[in-house]
Amino acid sequence: MIGILIVSHSEDAARGIAQIAVGMSGAADDVPITGVGGNDEGGLGVSVAKIYDALTEMLPACDGVLIVPDLGSSILSSRGAIELLSPKDASKVVIADAPVLEGSMLAAVEASSGADLEAVAEGAREAKNLKKSDH
Amino acid sequence: MAFTLEMARGALEKLNAVIEEKKDYLTDLDSAIGDADHGINMNRGMKRVMEKIRDKEYSDFGGLFRDVAMTIMSAVGGSAGPLYGTFFMKMGQKLAGKREVAEDEFADAMQEGLSGIMALGKSQLGDKTMVDALQPAIDALREPAPDASAAWAAALKAAEKGMEDTIPMLSKRGRSSYLGERSIGHQDPGATSVAYLIASLREAALEG
Ligand SMILES: Nc1ncnc2c1ncn2[C@@H]1O[C@H](COP(=O)(O)OP(=O)(O)OP(=O)(O)O)[C@@H](O)[C@H]1O
Ligand SMILES: [Mg+2]
């Protein structure tokens with residue numbers, strides 16, 4: 001099973017997005033979805049340590065983890081956290097190129113079908129094409 | 001002519017002090033082209049670094065810079081966290097087991113750190129980032145100089161010029177790149193904090 005790690009500048013947003021992704025995707029309860037965010041004083045920001053800790057907690061129970069980051073330093077910090085992992089663990093983590101909410105939701109759909117890491121990442125990427133309006 | 005472990009510790013103390021003093025200025029720079037948090041981020045990070053290292057004994061640059069890197073990565077909270085974190089991590093790896101090196105060896109380690117920043121940030125010279133102050137400073141430190149004082153003076157001058165040279169640049173990396181053309185005409189906050197880093201290294205090196 002592939003796990004999904006949502007990384008946001010806000011811990012509330014990360015948790016909320018995780019909740020929406022599970023609720024709206026109908027993903028089975030066994031898909032591990034975690035949200036981390038905020039700096040280490042609870043303000044807006046991102047902490048490499050929080051991402052690293054979440055990854056090391058998730059990896060032993062998963063075949064791989066897809067990180068779905070929001071903007072800017074969420075992406076940089078995710079890359080930084082992956083660099084701290086052993087090469088073997090690092091090879092089991094991918095950062096999604098996708099909008100954070102829609103990407104997390106579509107990744108959850110893929111993951112719950114038992115798809116592999118590549119397919120889950122591709123699922124997230126498809127969120128770029130979701131149309132909301134003609135404007 | 002050598003850079004010592006005690007100088008590195010002194011430089012970190014000075015960097016903490018100058019960031020504390022300039023945090024509002026750094027944040028003002030970041031409010032023009034970013035999200036107005038670079039000063040706050042760096043201030044929080046460096047304070048935490050000092051708490052971590054103040055009463056701890058280190059036997060080599062490797063141990064000191066590893067602690068600095070891990071603390072910065074978790075405490076800074078913005079892009080500067082992973083970027084400065086990687087810088088110190090790679091420097092520490094390069095200088096592991098050593099507690100005193102010649103200036104050009106220190107410059108080699110800084111280059112290793114900068115390569116880490118550029119790989120992580122996918123950034124190049126001219127993208128209007130901290131790279132634009134750091135690369136010229138390292139190059140200047142490497143140039144043959146009569147003594148350490150002259151070498152560090154050249155490095156600081158180059159860092160400050162690199163910092164000012166970011167003003168007319170169009171940002172290609174980080175949050176300021178979202179602004180496109182509107183990023184032109186503002187000095188990059190990260191390049192500015194790099195100039196403080198080089199100034200702190202220089203001061204510590206001169207005090208011996
Ligand atoms: N990809 C990058 N490569 C090199 N330096 C970068 C990169 N992105 C940002 N920077 C540097 O980081 C500085 C901004 O640091 P800061 O701590 O304010 O992060 P931030 O951009 O606010 O992060 P966030 O995405 O959380 O808003 C910039 O001025 C720039 O020098
Ligand atoms: Mg900022």
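Throughout, a chain's letter reflects where its sequence line sits, starting with A, and its residues are numbered from 1. The analysis underlying the following values was restricted to heavy atoms, covering all of them including side chains, and did not include hydrogens, waters or symmetry mates.
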Review point. So what's closer than 4.5 Å to chain A heavy atoms on B/Arg44: side chain, backbone, both or neither?
Key: side chain

Exercise for review: Among the options B/Arg175, B/Met89, B/Arg48, pick out the one with the most heavy-atom pairs lying under 4.5 Å from chain A.
Suggested key: B/Arg48

Check your understanding: Do you know which of B/Lys122, B/Met70, B/Arg173 has the most heavy-atom pairs with chain A at a distance under 4.5 angstrom?
Key ->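 Ranked by heavy-atom pairs under 4.5 Å with chain A, first place is B/Lys122.
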
Distance in Å, [X] [atom1] paired with [Y] [atom2], rounded so as to fall on 0.5 Å steps:
{"X": "B/Asp37", "Y": "A/Leu44", "atom1": "CG", "atom2": "CG", "result": "9.0 Å"}
{"X": "A/Arg79", "Y": "B/Leu83", "atom1": "CZ", "atom2": "CG", "result": "9.0 Å"}
{"X": "A/Glu41", "Y": "B/Ile40", "atom1": "CD", "atom2": "CD1", "result": "10.5 Å"}

For the [atom1] atom on [X], are there more than 12 heavy atoms of other groups (residues, nucleotides or ligands in this structure) within a distance under 6.0 Å?
{"X": "A/Lys92", "atom1": "NZ", "answer": "yes"}
{"X": "A/Met24", "atom1": "CE", "answer": "no"}
{"X": "B/Glu20", "atom1": "CD", "answer": "yes"}
{"X": "B/Arg66", "atom1": "CZ", "answer": "no"}
{"X": "B/Lys172", "atom1": "NZ", "answer": "yes"}

Exercise for review: Determine, stepwise, if the pair A/Leu84 / B/Met73 fulfils side chain to side chain contact (heavy atoms under 4.5 Å, CB included).
Suggested key: CA-CA 11 Å; A/Leu84 297 176; B/Met73 281 200 206; 4.2 Å; yes

Revision key, fill the gap. From the list B/Ser74, B/Pro82, B/Ser79, side chain to side chain contact (heavy atoms under 4.5 Å, CB included) partner of A/Ser77 resolves to B/Pro82

Study note, to complete from the structure: Heaviest contributor of heavy-atom pairs below 4.5 Å to chain B, chosen from A/Ser47, A/Gly80, A/Gly38, is A/Ser47

Review point. For A/Ile51, is it the side chain, the backbone, both, or neither that has a heavy atom closer than 4.5 Å to a heavy atom of chain B?
Key: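 When you check distances to chain B, no heavy atom of A/Ile51 falls under 4.5 Å.
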
Exercise for review: Would you name the heavy atoms of B/Leu120 and A/Leu76 that are closest together and state the gap between them?
Suggested key: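 The pair with the smallest heavy-atom distance is O-CD2, 3.3 Å.
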
